[in-house]
Amino acid sequence: MKSLYFLVDCNSFYVSCERVFKPALRNRPVVVLSNNDGNVVALSREAKELGLLPFGAPFFKVQQMVRAHGIAVFSSNYTLYGDMSRRVMETLAEFSPEMEVYSIDEAFLFFRALGADPVGYGAMMRDRVRQWTGIPVSVGVAPTKTLAKLACRIGKRDPARGGVCALVDPAGIDELLDSVDAGGVWGVGGQYREFLRKNGIRTARELRDAPDRWVRRNMTITGLRTVWELRGVSCIPLDEVPAAKKAIVSSRSFGVPVEGLADLSEAVAAYAARAAEKLRSQRCAAGSVAVFLSTNPFKEDDPQYSNGVAVRLSVPSSYTPRLIHAAVRLLGLMYRRGYRYKKAGVMLYEIMPQHDAQLDLFSRFHDTERTRRLMRTMDGVNRTQGRGALFFASEGIARQWRMRRSFLSARYTTRWDEIPAARA
DNA sequence: TCTGGGGTCCTAGGACCC
DNA sequence: TCTGGGGTCCTAGGACCC
């Protein structure tokens with residue numbers, strides 16, 4: 001019996017979420033767009049097989065082709081994807097007490113001593129997630145996380161495996177690693193891929209067999225860990241409890257260019273409020289606030305301006321009005337008239353646990369029990385009634401600047417008034 | 001007309017200290 | 001003729017992930 005990592009990865013996750021509620025889209029090409037309908041960020045297998053759309057293609061450039069091929073299009077619906085993700089993760093959590101939710105559509109499960117046949121066990125996970133949530137997944141099994149990622153990739157690539165692949169036996173592993181490009185290894189991105197090619201390393205197997213000293217010198221300690229993991233030596237442990245964020249960013253592109261300070265202030269206030277909500281959800285306070293702002297760099301004929309400024313708060317805070325106030329003031333410091341702004345954002349950093357933030361009991365800026373109760377109440381209402389049920393007037397009502405979402409599906413699972421209806 | 005958002009880790013180099 | 005040795009902290013930049 002061996003200790004093993006299972007990586008469970010949802011297939012074309014955003015597309016699959018949309019398909020659960022529109023079964024007619026099964027076996028059809030479907031794409032999902034990024035925020036603001038900017039880029040193509042998810043493609044169904046059928047859309048990938050058309051071979052026309054690279055991941056990340058700007059939607060406006062491919063819109064004609066998308067229409068010509070009858071590809072279904074959706075705006076990002078993170079309310080739906082977040083809720084579907086939670087259901088998938090709850091289903092998986094029943095298989096092992098040791099689980100790391102790695103991203104919205106992936107989780108690692110760890111088994112100290114698995115008695116069962118790994119492929120059969122992975123198939124059971126796949127079937128149960130499908131049955132309970134409607135989401136198709138692929139499963140990779142191996143003694144390290146990096147190999148489990150690789151196994152999952154192979155399982156997806158090769159339909160005969162039914163979406164489950166184990167790299168457990170040393171026999172045959174060389175051929176499998178040789179069939180995967182080094183750039184397909186977790187931790188090897190485009191830059192390293194090119195660098196490796198120039199040095200004669202093209203496949204995962206060749207990377208695995210590269211000399212330690214050379215890897216350490218050229219790819220840092222992180223690269224060396226990756227190589228050891230390819231050899232079956234576990235160096236990247238399961239991270240069950242995600243560490244508190246060291247920085248929290250909330251930023252968006254605008255649906256239309258924004259020029260006036262009043263509109264920008266609304267947007268910045270809304271972003272600050274959202275960042276503060278995330279901050280409180282990890283029971284922390286922020287010591288510093290930064291705001292950044294920029295025009296559209298793709299519009300080369302427009303005058304360009306971008307800037308960012310930060311301030312340290314006299315006392316760390318998680319109180320939304322205080323953070324909004326600081327952010328809007330920073331915006332005023334760098335705002336210049338006569339530019340068409342495309343994007344703004346708020347970043348909170350120097351983050352610490354809320355109870356450590358009580359350094360100066362006499363400051364009039366200090367968060368009090370009263371302000372905390374107020375925020376807890378507000379967060380509670382927004383949790384149960386939907387985000388945005390309660391907000392600050394400074395965030396604006398009309399919100400001309402809000403993002404474009406022309407192809408939005410309903411929030412089927414989180415809003416009673418958007419629940420799907422069955423037709424007889 | 002139209003190009004996303006949110007994070008982490010590592011290293012090099014400079015400032016400063018003893 | 002020919003630079004001291006470390007330690008720590010900070011920042012900027014580069015790489016990666018989804």
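Order of the sequence lines sets the chain letters (A, B, ...), proteins ahead of strands, with each chain counted from 1. Heavy-atom basis, side chains included; hydrogens, waters and symmetry copies ignored.
- At the heavy-atom level, Gly190(A) lies under 4.0 Å from the strands shown only through sugar-phosphate atoms.
- The aromatic rings of Tyr412(A) and Phe21(A) lie parallel to each other, with less than 30° between the two planes, well short of the 60° mark.
- What separates OH of Tyr81(A) from P of dG4(B) is a distance of 17 Å, to the nearest Å.
- For Glu100(A) (side chain) and Phe108(A) (main-chain N/O), no donor-acceptor pair under 3.5 Å exists by modelled atom type.
- Taking the side chain of Lys246(A) as heavy atoms from C-beta on, and the options dC18(C), dT8(B), dG5(B), the nearest nucleotide is dT8(B).
- At a threshold of 4.0 Å, the pair Arg205(A)-Glu175(A) does not count as salt-bridged, since none of the basic side-chain nitrogens sits closer than that to a carboxylate oxygen.
- Per the geometry, CD belonging to Glu106(A) stands 6 Å off P belonging to dC18(C), to the nearest Å.
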Could you list the donor-acceptor pairs under 3.5 angstrom formed between side-chain atoms of residues 385-395 of chain A and any protein atom two or more places apart in sequence or on another chain?
{"from": "Glu395(A)", "atom 1": "OE2", "to": "Phe392(A)", "atom 2": "N", "distance (Å)": "2.9"}

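- If you check dG6(B), dA15(C), dC18(C) against the side chain of Tyr192(A), the one that comes closest is dA15(C).
- Counting non-hydrogen atoms under 4.0 angstrom, Arg225(A) reaches the backbone sugars and phosphates but no base.
- A 6.0 Å sphere centred on CZ of Arg157(A) holds more than 12 heavy atoms belonging to other residues, nucleotides or ligands.
- Ala247(A) comes within 4.0 angstrom of the backbone, heavy atoms only, and of no base.
- Side-chain proximity of Arg216(A) to the nucleotides dT8(B), dG5(B), dT11(B) is greatest for dT11(B).
- In this structure, NZ of Lys61(A) is placed 14 Å from C1' of dT1(B), rounded to the nearest angstrom.
- Residue Val256(A) is classed as having no contact, given no heavy-atom separation below 4.0 Å to the nucleic acid.
- When the C1' atom of dC17(C) is taken as reference, atom CG of Asp239(A) falls 13 Å away, rounded to whole Å.
- The cationic group of Arg128(A) lies under 6.0 Å from the six-membered ring centre of Trp132(A) and within 45° of the ring axis, placing it in a cation-pi geometry.
- Ring geometry for Tyr339(A) versus Tyr341(A): interplanar angle of 30 to 60°, hence tilted.
- For the pair Lys343(A) and Thr220(A), both in contact range of DNA chain B, the more 5′-proximal nearest nucleotide belongs to Lys343(A).
- Residue Arg193(A) places none of its side-chain N or O atoms closer than 4.0 Å to OP1 or OP2 of dC16(C).
- Nearest nucleotide to the side chain of Pro58(A), out of dT3(B), dG7(B), dC9(B): dT3(B).
- Within the structure, every side-chain polar atom (N or O) of Lys299(A) is placed at least 4.0 Å from both OP1 and OP2 of dT3(B).
- With distances taken from any side-chain atom of Tyr102(A) to the nucleotides dC17(C), dT3(B), dG7(B), the minimum falls on dC17(C).
- Here Asn296(A) reaches the OP1 or OP2 of dT3(B): one of its side-chain N or O atoms lies under 4.0 Å away.
- The phosphate of dG6(B) (OP1 or OP2) has a side-chain N or O of Ser251(A) nearer than 4.0 angstrom.
- In this structure, CE of Met219(A) is placed 15 Å from P of dA12(B), rounded to the nearest angstrom.
- At the phosphate of dT1(B), neither OP1 nor OP2 sits under 4.0 Å from any side-chain N or O atom of Lys342(A).
- Ranking dC17(C), dC16(C), dT3(B) by closeness to the Gln191(A) side chain, first place goes to dC16(C).
- Within 4.0 Å of Gln63(A), counting heavy atoms only, lies no atom of the nucleic acid at all.
- Side chain of Asp105(A), nearest nucleotide from dC18(C), dT8(B), dC2(B): dC18(C).
- Residue contacts for Asn35(A): at a heavy-atom cut-off of 4.0 Å it reaches the sugar-phosphate backbone alone, with no base atom in range.
- Heavy atoms of Ser250(A) sit under 4.0 angstrom from primed sugar atoms or phosphate atoms, though from no base atom.
- In this model, the phosphate group of dT3(B) is not approached by any side-chain N or O of Ser34(A) to a distance below 4.0 Å at OP1 or OP2.
- Rounded to whole Å, atom P of dT1(B) lies 14 Å from atom CD of Gln64(A).
- In this structure, the CH2 atom of Trp401(A) is 17 Å from the P atom of dG4(B), given to the nearest Å.
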Candidate pair Asp83(A) and Thr414(A), rule side chain to side chain donor-acceptor pair (under 3.5 Å), full reasoning: CA-CA 7 Å; Asp83(A) 190 60; Thr414(A) 55; 5.9 Å; no

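- Taking atom C1' in both dC18(C) and dC2(B), one finds a spacing of 25 Å when rounded to whole Å.
- For Lys278(A) and dG7(B), the shortest distance from a side-chain N or O to OP1 or OP2 is below 4.0 Å.
- In this structure, of dT3(B), dT8(B), dC16(C), it is dT3(B) that holds the atom nearest to the side chain of Phe60(A).
- Distance from the side chain of Ile221(A) is smallest for dT11(B) among the nucleotides dC16(C), dT8(B), dT11(B).
- Residue contacts for Ile248(A): at a heavy-atom cut-off of 4.0 Å it reaches the sugar-phosphate backbone alone, with no base atom in range.
- In the set dC18(C), dG7(B), dC10(B), the nucleotide with an atom closest to the side chain of Val249(A) is dG7(B).
- The interatomic distance linking Lys245(A) (NZ) with dC17(C) (P) rounds to 18 Å, in whole Å.
- Using the Watson-Crick or G-U wobble rule with both distances under 3.5 Å, dC18(B) pairs with dG5(C).
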